[in-house]
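So the structure is just underneath, and the comments pick up after that.
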Number of protein chains: 2
Amino acid sequence: MPKSPEDTMPTSGRHEMPFTRIEIVVLSVIEGRLGVLLGRRAQAPYQGRWALPGGVLRIDQDKDLDAAARRVGIERLGVELPYLRQLTAIGGRSRDPRAPWTLSVIYRALVPFEAIDPNPGKRLEALKWVAADEAAADARLAFDHAERIGGALEVTRGEIDRLELPFEFLPQAFTLGELQACCEAMLGRHLDKSSFRRRLDERNLLEAVEGQMRTGAFRPAQLYRRRCP
Amino acid sequence: MPKSPEDTMPTSGRHEMPFTRIEIVVLSVIEGRLGVLLGRRAQAPYQGRWALPGGVLRIDQDKDLDAAARRVGIERLGVELPYLRQLTAIGGRSRDPRAPWTLSVIYRALVPFEAIDPNPGKRLEALKWVAADEAAADARLAFDHAERIGGALEVTRGEIDRLELPFEFLPQAFTLGELQACCEAMLGRHLDKSSFRRRLDERNLLEAVEGQMRTGAFRPAQLYRRRCP
DNA sequence: TCAAAAGTGTTTGGGTTACACCCATGG
DNA sequence: CCATGGGTGTAACCCAAACACTTTTGA
């Protein structure tokens, strides 16, 4: 049987390969609302516009796609990004005028907003936090990034709805009130306290951190952490 | 502000780009069961093993990723693939010994099994249909393809559960019984007739094709098609 | 004694399953 | 008449939302 092309001489040198990038939808909770991190583009294309932070895939450095996303987070934002998840890949001819064909793998992350310095030195661009829902509807963003943000919001809210909680984003130990407030901020709507807590312990997601309390003016709240397994 | 690398000289020639491929999990319903299409590998690596059909991304031919998947379907299987959906991308260093770094974008398709000729001439390899659930658990498949099949099954069954129906896979007009049998085959479990139909028309998914019937030995069945928008 | 934290309880509803049962129809 | 297609009705269930309420606690 005759051989198919990529089996006979299958090195990547045989065909031109796409300009391959990682873009990251970095989310955070800021003042009770979900925000997304954008960077201002210093060069064409879309010079001066706001865009998702991203970077080129480096096959000499990156073990796999997830590692590439972690590296891009560290290089461009100076932080190890938690709650990282691949969302989708998009690729096509006219997505980015810098290359004839560009493939972007989109990731989502969730970080405490204080962890990112919006005025970093070195090779980092100016960054800002923007209300996520507004960014998702903002047609002025560079490339197709508004759409990507919308997709990330949908996926992320679905996770919270299903109580797939962002433990890597939360502090080691947290109160139920903090957890609920965090979920409410991400969903953009109010949750019923008792229903929320019932769901939590039906699923055995949390365990109390014994003896620990956190001080308020009144009764201190029990601290919890993720149940191990 | 100094520029970041991909803004200063961002052509894809600056860094080596990954060997980029499309792999397709082609599903079909065969004798009431869900099957997946595998091709036997003629060359190393994994010579003689069964693998998902796939092909190299051709940036000179493919307008975008979806177009690439369609082209690969036509070139390798000889068919326009319906119900095509991107599932995920996986990339890494040691996935495929033919290249230092390989990125695969995985697609799912659903075709009538008769549409594919398992003994094609030309550049096509030997193909066979395998029970999907068994393939997903078969560690002998090439690369990480068993895992990919598992992912495709999960996504596809989720769609059926939510009544996102494979209209492109069904005939133009079909009876409710056919539709239910198709869904049952894909889910691998029985569905209650009356509940299934109630859900269908609560959602207004179908419209009757007037005057049309299909003959059986008994009362003929009403034909339906997808409600337009 | 106050106000937040934690927990209890009940009602309500949506959506789904499972099952029983009806009528219609063409051979 | 029979087996299938189409349809009605209903009880049960799960899950979650909504709301009201009690108890605990530290300042």
Side-chain angles (χ1 to χ4, degrees), chain A residues 32 154 156-165 170-227, chain B residues 32 154 156-165 170-227:
Chain A
E154 200 176 319
T156 303
R157 287 179 172 144
E159 289 175 353
I160 301 299
D161 276 333
R162 295 188 302 277
L163 284 188
E164 294 169 19
L165 300 175
L170 293 161
Q172 275 290 327
F174 47 84
T175 69
L176 297 180
E178 285 168 352
L179 176 60
Q180 182 176 340
C182 166
C183 291
E184 287 176 338
M186 298 186 64
L187 294 173
R189 62 186 172 87
H190 171 261
L191 294 173
D192 181 76
K193 181 180 65 156
S194 92
S195 306
F196 182 68
R197 294 183 181 196
R198 231 190 314 266
R199 290 215 295 150
L200 279 173
D201 69 39
E202 274 163 6
R203 277 150 232 232
N204 267 318
L205 293 172
L206 305 180
E207 61 186 5
V209 177
E210 288 304 339
Q212 291 276 26
M213 302 281 169
R214 177 163 298 179
T215 171
F218 319 101
R219 176 180 176 179
Q222 178 68 56
L223 288 177
Y224 291 85
R225 65 163 172 239
R226 172 183 216 167
R227 173 151 293 176
Chain B
E154 200 177 320
T156 303
R157 289 180 170 145
E159 289 174 353
I160 302 299
D161 277 333
R162 295 188 302 278
L163 284 188
E164 295 168 18
L165 300 176
L170 293 161
Q172 275 290 326
F174 47 85
T175 69
L176 297 180
E178 286 168 353
L179 176 60
Q180 181 176 342
C182 166
C183 291
E184 287 176 338
M186 299 187 64
L187 294 174
R189 63 185 171 88
H190 172 260
L191 294 173
D192 182 76
K193 182 180 65 158
S194 88
S195 308
F196 182 69
R197 296 185 179 195
R198 233 190 310 267
R199 290 215 295 150
L200 279 173
D201 70 39
E202 275 164 3
R203 277 149 232 230
N204 266 317
L205 294 173
L206 304 181
E207 60 185 8
V209 178
E210 288 304 340
Q212 292 275 26
M213 301 279 169
R214 177 162 300 178
T215 171
F218 319 100
R219 176 179 177 179
Q222 177 67 54
L223 288 176
Y224 291 86
R225 64 163 173 239
R226 170 184 217 167
R227 174 149 292 176

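Naming convention: chains lettered A, B, ... in sequence-line order (proteins, then strands); numbering from 1 in each chain. Small disclaimer: the values here were computed from a predicted structure and weren't measured.
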Nearest-angstrom distance from the residue atom [atom1] of [X] to [atom2] of [N]:
X      : N      : atom1 : atom2 : value
B:D201 : D:dG6  : CG    : C1'   : 11 Å
B:L206 : D:dG5  : CG    : P     : 16 Å
A:R162 : D:dC14 : CZ    : C1'   : 18 Å
A:Q180 : C:dG7  : CD    : P     : 13 Å
A:R197 : D:dC15 : CZ    : P     : 21 Å
A:L200 : C:dA6  : CG    : C1'   : 13 Å

CA sep, side-chain torsions, deciding dist, call: A:E207, A:R225, side-chain contact (heavy atoms from CB on, under 4.5 Å): CA-CA 6 Å; A:E207 61 186 5; A:R225 65 163 172 239; 2.9 Å; yes
Is there side-chain contact between A:L205 and A:R227, with at least one heavy-atom pair below 4.5 Å?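 Not in contact.
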Kindly indicate whether the side chain of B:F174, heavy atoms from C-beta on, has any atom under 4.5 Å from the side chain of B:L206.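 Yes. Closest side-chain heavy atoms under 4.5 Å.
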If you compare all heavy atoms of B:C183 against all heavy atoms of B:F196, which two are closest, and at what distance to 0.1 Å?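 Looking at all heavy atoms of both residues, the shortest contact is SG-CZ, 4.0 Å.
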Side-chain donor or acceptor of B:R199 paired with backbone N/O of B:S195 under 3.5 Å: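 Pair absent, no side-chain N/O of B:R199 close to backbone of B:S195.
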Closest listed nucleotide, where the reference is the side chain of A:A221 and the choices are C:dT25, D:dG26, C:dA6: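 Out of C:dT25, D:dG26, C:dA6, the nucleotide with an atom closest to A:A221's side chain is C:dA6.
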Please pick, from C:dA3, C:dG7, C:dT25, the nucleotide with the shortest atom-to-atom distance to any side-chain atom of B:R219.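 Nucleotide nearest to B:R219's side chain: C:dT25.
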base_contact_polar (D:dG5 base, B:K193 side chain, donor-acceptor, <3.5 Å):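 A donor-acceptor contact between them is absent.
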Between the protein and nucleotides 15-18 of chain C, list every N/O to N/O distance that falls short of 3.5 Å.
from   : atom 1 : to     : atom 2 : distance (Å)
C:dT16 : OP1    : B:R199 : NH1    : 3.2
C:dT16 : OP1    : B:R203 : NH2    : 3.1
C:dT16 : OP2    : B:R203 : NH2    : 2.7
C:dA18 : N7     : B:D192 : OD2    : 3.4
C:dA18 : N7     : B:S195 : OG     : 3.3
C:dA18 : N6     : B:R198 : NH2    : 3.1

B:R198 bridged to B:D192 by N-O distance under 4.0 Å: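 No, no charged N to carboxylate O under 4.0 Å.
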